[in-house]
Amino acid sequence: MGRVVVEVMLKPEILDPQGQAVLNALPRLGFDGFSLVRQGKRFELSVDGEVTDEVLARVREAAATLLSNPVIEDVVAVERVG
Amino acid sequence: MGRVVVEVMLKPEILDPQGQAVLNALPRLGFDGFSLVRQGKRFELSVDGEVTDEVLARVREAAATLLSNPVIEDVVAVERVG
Amino acid sequence: MRIGVVTFPGSLDDRDAARAVRLAGAEAVSLWHGDADLHGVDAVVLPGGFSYGDYLRCGAIARFAPVMGPLVDAANGGLPVLGICNGFQVLCESHLLPGALVRNDHRTFVCRDQPLSIERTDTPWTSAYAPGERVVVPLKNGEGGFVADERTLDELEGEGRVVARYVGKNPNGSYRAIAGISNAAGNVVGLMPHPEHAIEPLFGPDPRSGTGGLDGLRFFTSVVEGLVSA
Amino acid sequence: MQQALVTADIEQPWAALGLKPDEYQRIREILGRRPTSSELAMYSVMWSEHCSYKSSKVHLRQFGEKTTDAMREKLMVGIGENAGVVDIGDGWAVTFKVESHNHPSYVEPYQGAATGVGGIVRDIMSMGARPIAILDPLRFGAIDHPDTRRVLPGIVAGVGGYGNCLGLPNIGGEVVFDPCYQGNPLVNALCVGSMRHEDIHLANATGAGNLVILFGAKTGGDGIGGVSVLASETFESTGPSKRPAVQVGDPFAEKVLIECCLDLFAAKVVEGIQDLGGAGLSCATSELASNGDGGMHVWLDRVPLRDITLSPEEILMSESQERMMAVVRPDQLDAFMAITDRWAVEATVVGEVTTTGRLVIEWRGETVVDVPPRTVAHDGPVYDRPMQRPATLDALQADAPTSDRLARPTTGEQLRATLLQLAGSPNLCSRAWVTDQYDRYVMGNTALSMPDDAGVVRVDETTGRGVAISTDCNSRFAALDPYAGAQLALAEAYRNVATAGATPLAVTDCLNFGSPEDPGVMWQFAQAVTGIADGCLQLGVPVTGGNVSLYNQTGTTAIYPTPVVGVLGVMDDVTRRTPSGWREAGQVVYLVGTTRDELGGSSWADVVHGHLGGLPPRVDLEAERVLAEILVACSRDGMVDAAHDLSDGGLATALAESCLRYGVGVRVWLDELCERDGIDPFLALFSESTARVIASVPRSEEVRFTDVCTARGVAHLRIGVVDEAAEPALDVQGLFTLPLAELRATHDATLPAAFA
Ligand SMILES: Nc1ncnc2c1ncn2[C@@H]1O[C@H](COP(=O)(O)OP(=O)(O)O)[C@@H](O)[C@H]1O
Ligand SMILES: [Mg+2]
């Protein structure tokens with residue numbers, strides 16, 4: 001059984017209230033020196049067999065069509081793992 | 001300016017309705033052969049200076065306390081990038 | 001006059017939308033997400049709710065439902081389509097409307113009586129309003145922040161496609177306080193607030209906060225009258 | 001099974017599973033052998049305090065015993081089923097119940113609260129009803145305690161996240177702060193459902209050969225927590241010992257399940273139905289069987305699993321959410337499956353109804369359970385635990401807030417400042433920051449919700465028939481006197497429902513207390529139950545169901561007794577509902593009821609002096625009953641435009657809230673009131689005497705209104721007039737003027753400042 005990880009982040013120009021909230025909370029907990037936090041998504045997809053190049057290509061397509069919305073998000077990684 | 005990426009996933013035994021929804025949607029879009037999808041979070045934290053080991057240690061602590069909920073989530077990665 | 005109301009798994013305001021259609025004098029036809037057929041309706045409402053739990057992104061999974069195939073074609077062919085809240089999100093994910101809806105800037109779900117100004121009145125859904133008219137309609141969403149790039153926003157403004165705008169405090173961080181937009185032709189309208197919850201006295205916004213609590217009904221009478229006279 | 005006979009004397013982990021030596025012994029007697037590990041798992045969860053009510057049963061019996069035939073008249077299903085059902089007329093019935101999810105919400109606030117809502121909604125569904133509204137009585141530690149900041153936003157987001165996604169309007173609840181809840185926040189959730197009389201379903205498995213179907217979510221290792229971890233470590237079976245103690249909710253799955261169930265009911269393909277909640281399959285199978293023909297055969301390995309490593313014991317104990325169990329005739333199986341398929345709900349035949357009188361469960365060809373189901377579901381241990389009135393109570397009751405001990409405001413300036421201080425205090429400030437996170441519009445039937453006295457929803461769209469509900473409990477009163485405190489909770493909820501214009505019909509309660517092993521707590525519990533039972537008898541409204549939550553304590557310190565009472569009332573036409581705010585200038589404001597020097601446990605003593613002592617206000621249920629009659633008549637005949645009940649914070653708070661509701665001011669005079677009741681302006685404004693409301697009466701209705709009060713011998717007095725000035729204010733003549741803008745700013749600021 002193989003796995004593929006897909007990572008999706010909001011485009012830099014899109015407001016990210018969750019990242020902002022984390023940024024605001026950090027100093028309150030004593031964590032200083034951070035200038036920006038952005039929060040995105042990480043998907044782990046398991047496939048039955050091996051992660052062939054063909055599988056990877058299909059995941060790339062799914063990442064671009066279903067797992068992300070290109071209007072607001074970028075797919076930053078599609079990678080084999082494990 | 002340096003960056004650190006933190007990745008957080010739900011513990012394997014915790015129900016992940018979002019991942020489940022994606023898994024169910026994939027075949028309807030013609031993407032077959034997936035056996036499991038889990039959805040987690042990816043944070044990008046920017047720091048003012050360089051990402052020293054000390055910074056990394058602090059991020060690790062923030063990851064364990066603020067960025068994840070240890071009752072239901074695991075921190076799967078804390079890494080320097082860029 | 002037959003107006004379709006689509007039910008996805010997780011749709012919540014479908015029966016409310018059907019009630020609004022009936023009160024506006026038309027027949028409400030229930031359309032099922034898994035049925036790739038619009039059954040000859042004269043207009044369609046995509047109601048609010050949490051289709052597929054709003055998992056992944058709001059509207060992202062509903063977009064691929066079988067009913068959306070004929071719906072997209074019909075919308076491109078001029079069929080009046082109104083997407084309310086989750087329906088708006090589905091229309092954006094389907095690229096029938098530009099932009100996207102993201103998590104509210106204050107990160108909490110908000111339910112409130114929302115003042116709006118109706119800015120475009122030449123759509124089939126807003127023809128019964130006066131340009132610039134101020135109305136109060138319930139707003140309830142967790143991911144209602146309308147976002148798009150600057151060029152798209154300028155284009156929407158330039159072409160007069162901002163259908164409704166929030167008045168007063170921006171409730172969710174929407175860019176340029178946009179509450180609703182239309183496609184270029186005007187037949188497809190997406191709206192974050194819920195006009196179907198302001199159609200009966202005493203069951204909508206406090207009468208004190210607006211003009212009697214019935215401000216939403218004209219979204220539905222607009223399309224009915226438009227279709228009758230067409 | 002074989003194993004159990006062969007190794008009859010093996011040491012079993014009964015103690016680790018929470019069973020007492022004599023309980024384990026009883027299980028052996030019932031079975032005539034040692035239990036298998038699966039049987040032990042079942043008995044241990046079903047005989048737990050949570051499922052068996054072993055400490056509370058002897059007291060709860062009063063609810064049944066003190067229900068007269070007259071009170072049963074509208075009661076279609078009483079205590080003992082998943083939820084009670086009452087007849088509201090025109091062939092409509094409603095079912096409602098309140099439940100707690102306290103501890104899970106402390107561990108994981110969002111999921112704990114979310115699954116609390118999910119659980120009570122399934123109870124309502126299992127009666128055959130469509131859920132139509134939610135209320136959420138909540139209690140937290142001090143507002144400025146760091147843990148409150150951790151817990152409250154998550155709990156509120158969880159209640160909202162789940163309820164909003166289900167499409168159920170949230171029409172009321174409570175938000176109370178008190179240090180006694182610091183380590184024990186209370187998350188109670190109430191759900192109401194409606195149905196036609198003929199659609200009532202019950203949880204029983206009858207008809208030999210009928211199929212037992214498990215449907216909804218797959219079963220995972222959720223929510224068996226400590227018990228399960230222990231279990232998997234000690235049971236003879238293998239399996240990973242790491243199971244999540246936290247249940248995660250999937251509101252989308254539950255929404256689909258609701259619609260699916262309603263389609264199944266409409267198609268009449270369900271003979272009996274039961275939700276899966278606490279104790280999961282152990283509970284569902286044993287209850288269905290023992291309420292039916294008494295026998296059931298289950299193939300446990302057919303249960304669809306999310307985690308294939310689960311042992312049979314764990315499958316039996318799992319509390320995975322969003323599951324239901326139905327009993328279906330074989331000839332209707334296809335129709336059943338067609339409906340579940342349409343909603344993409346997984347459904348599996350896992351068993352069959354038998355006439356053996358035994359619940360037999362098989363796992364991979366081996367019998368792992370063979371028990372009389374009643375012994376699991378209903379014949380658990382019953383304890384009559386020792387009770388003792390706490391020795392400290394006398395001193396507490398003696399410490400009355402008399403004027404020589406607590407300084408009272410006297411001047412207009414002081415009274416004004418006191419009113420403002422109360423209006424901004426955590427327990428009296430605006431709840432909007434919380435309730436704005438809840439959808440109150442969905443379904444389009446909400447006629448009243450926050451911040452009015454009761455939530456009101458329409459049930460029948462053609463006639464407007466509907467119900468009103470309120471939940472209340474002032475636990476400070478209950479701490480001073482649990483019997484009176486419980487009756488005061490009942491009285492307040494009853495009054496709230498009547499204030500909205502509805503005729504009170506039925507009661508549900510959620511009894512949140514400390515450890516039953518503490519005789520003082522047990523005494524409080526018994527007092528509170530007796531108080532509610534006696535009160536309901538006097539008011540003529542039956543208790544239809546509820547929930548007990550014990551062990552709410554940190555170390556040896558228990559929470560204040562918190563018997564939350566929910567009252568449901570009916571209205572022929574909800575458009576006649578009475579809101580809590582006035583709107584028309586010139587209308588006359590009446591105070592109905594009598595005001596005495598009653599400040600024990602009051603908001604004033606708490607907020608201004610941090611004081612709790614003395615006796616709570618006097619309970620007068622006959623006065624409440626008559627007041628309710630007046631309020632219902634007023635709503636039906638259009639005699640009042642607004643009415644608001646007086647409770648926490650007394651008249652001052654009620655006036656402030658009625659002004660703020662629509663931003664319309666009032667001019668008030670207190671001289672006559674002070675003279676009539678022999679009190680001073682301070683008492684007039686801040687005393688918490690019960691059986692009182694204020695009402696705004698159109699001038700044209702004044703005669704009729706006063707006649708109605710006079711005819712019933714109820715004290716009533718004109719105390720003010722609605723006054724729409726350019727700058728609306730709460731003006732107490734001769735004492736002070738408080739502009740509403742200032743009042744609102746104070747009232748609105750508190751929760752956002754603490755949590756936004
Ligand atoms: N957690 C909550 N959820 C929904 N509504 C709430 C909640 N807490 C308070 N409310 C609503 O806010 C209003 C004011 O609450 P409260 O002062 O406790 O009412 P009362 O004193 O009349 O019982 C009521 O309408 C109540 O139902
Ligand atoms: Mg009240």
Side-chain angles (χ1 to χ4, degrees), chain A residues 3-29 31 34-48 51 55-79 81, chain C residues 51-65 68-69 72 86 88-110 141-156 170-178 181 183 190:
Chain A
R3 272 189 305 162
V4 186
V5 165
V6 175
E7 298 179 344
V8 173
M9 297 298 289
L10 279 173
K11 287 184 191 295
E13 66 271 22
I14 299 290
L15 185 71
D16 174 12
Q18 320 217 57
Q20 187 63 41
V22 172
L23 183 64
N24 296 342
L26 284 167
R28 273 189 268 128
L29 299 177
F31 300 110
F34 295 92
S35 54
L36 184 70
V37 177
R38 306 284 292 174
Q39 180 175 332
K41 294 173 191 160
R42 180 176 186 280
F43 300 90
E44 276 183 25
L45 296 90
S46 304
V47 290
D48 289 330
V51 181
V55 167
L56 217 54
R58 272 192 297 141
V59 174
R60 242 179 235 114
E61 204 193 316
T65 51
L66 175 68
L67 301 180
S68 74
N69 175 353
V71 176
I72 48 170
E73 293 168 322
D74 294 322
V75 177
V76 298
V78 177
E79 277 161 18
V81 286
Chain C
S51 57
Y52 298 93
D54 270 2
Y55 297 145
L56 186 58
R57 292 179 313 279
C58 306
I61 300 180
R63 169 201 168 189
F64 296 103
M68 289 305 291
V72 169
N86 196 234
F88 186 7
Q89 293 158 342
V90 174
L91 291 175
C92 288
E93 284 280 342
S94 311
H95 310 302
L96 282 171
L97 292 174
L101 293 138
V102 299
R103 180 65 90 90
N104 295 346
D105 56 356
H106 45 79
R107 291 177 303 122
T108 47
F109 187 94
V110 59
N141 62 69
E143 307 194 21
F146 180 75
V147 297
D149 58 38
E150 284 297 308
R151 199 179 47 79
T152 306
L153 291 168
D154 289 342
E155 206 174 283
L156 286 170
N170 187 328
N172 48 25
S174 286
Y175 289 177
R176 305 197 193 177
I178 288 173
I181 57 171
N183 64 352

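Predicted, not measured: the structure shown is a model, and the values here were computed from it. Chain A is the first sequence line, chain B the second, and so forth, proteins listed ahead of strands; every chain is numbered from 1. Computation of the quantities below employed the complete heavy-atom set of this structure, encompassing side-chain atoms and omitting hydrogens, waters and symmetry-equivalent molecules.
C/Asn104 and C/Gly144 make their closest contact through OD1-N, 2.9 Å (heavy atoms, listed as atom of the first residue, atom of the second, distance). Nearest heavy atom pair, residue C/Cys92 against residue C/Gly99, reads CB-O, 3.5 Å.
Heavy atoms of A/Glu73 lying under 4.5 Å from chain C belong exclusively to its side chain. For A/Ile14, the parts lying under 4.5 angstrom from a heavy atom of chain C are both the backbone and the side chain. When heavy atoms are compared at a cutoff of 4.5 Å, A/Lys41 approaches chain C solely by way of its side chain, counted from C-beta outward.
Options A/Leu10, A/Leu67, A/Val8, A/Asp16 differ in how many heavy-atom pairs under 4.5 Å they form with chain C, and the most are formed by A/Leu67.
In this structure, C/Ile178 and C/Leu153 have side chains that are in contact, with non-hydrogen atoms separated by less than 4.5 Å. Using a 4.5 Å heavy-atom threshold, the side chains of A/Val76 and A/Glu7 count as touching.
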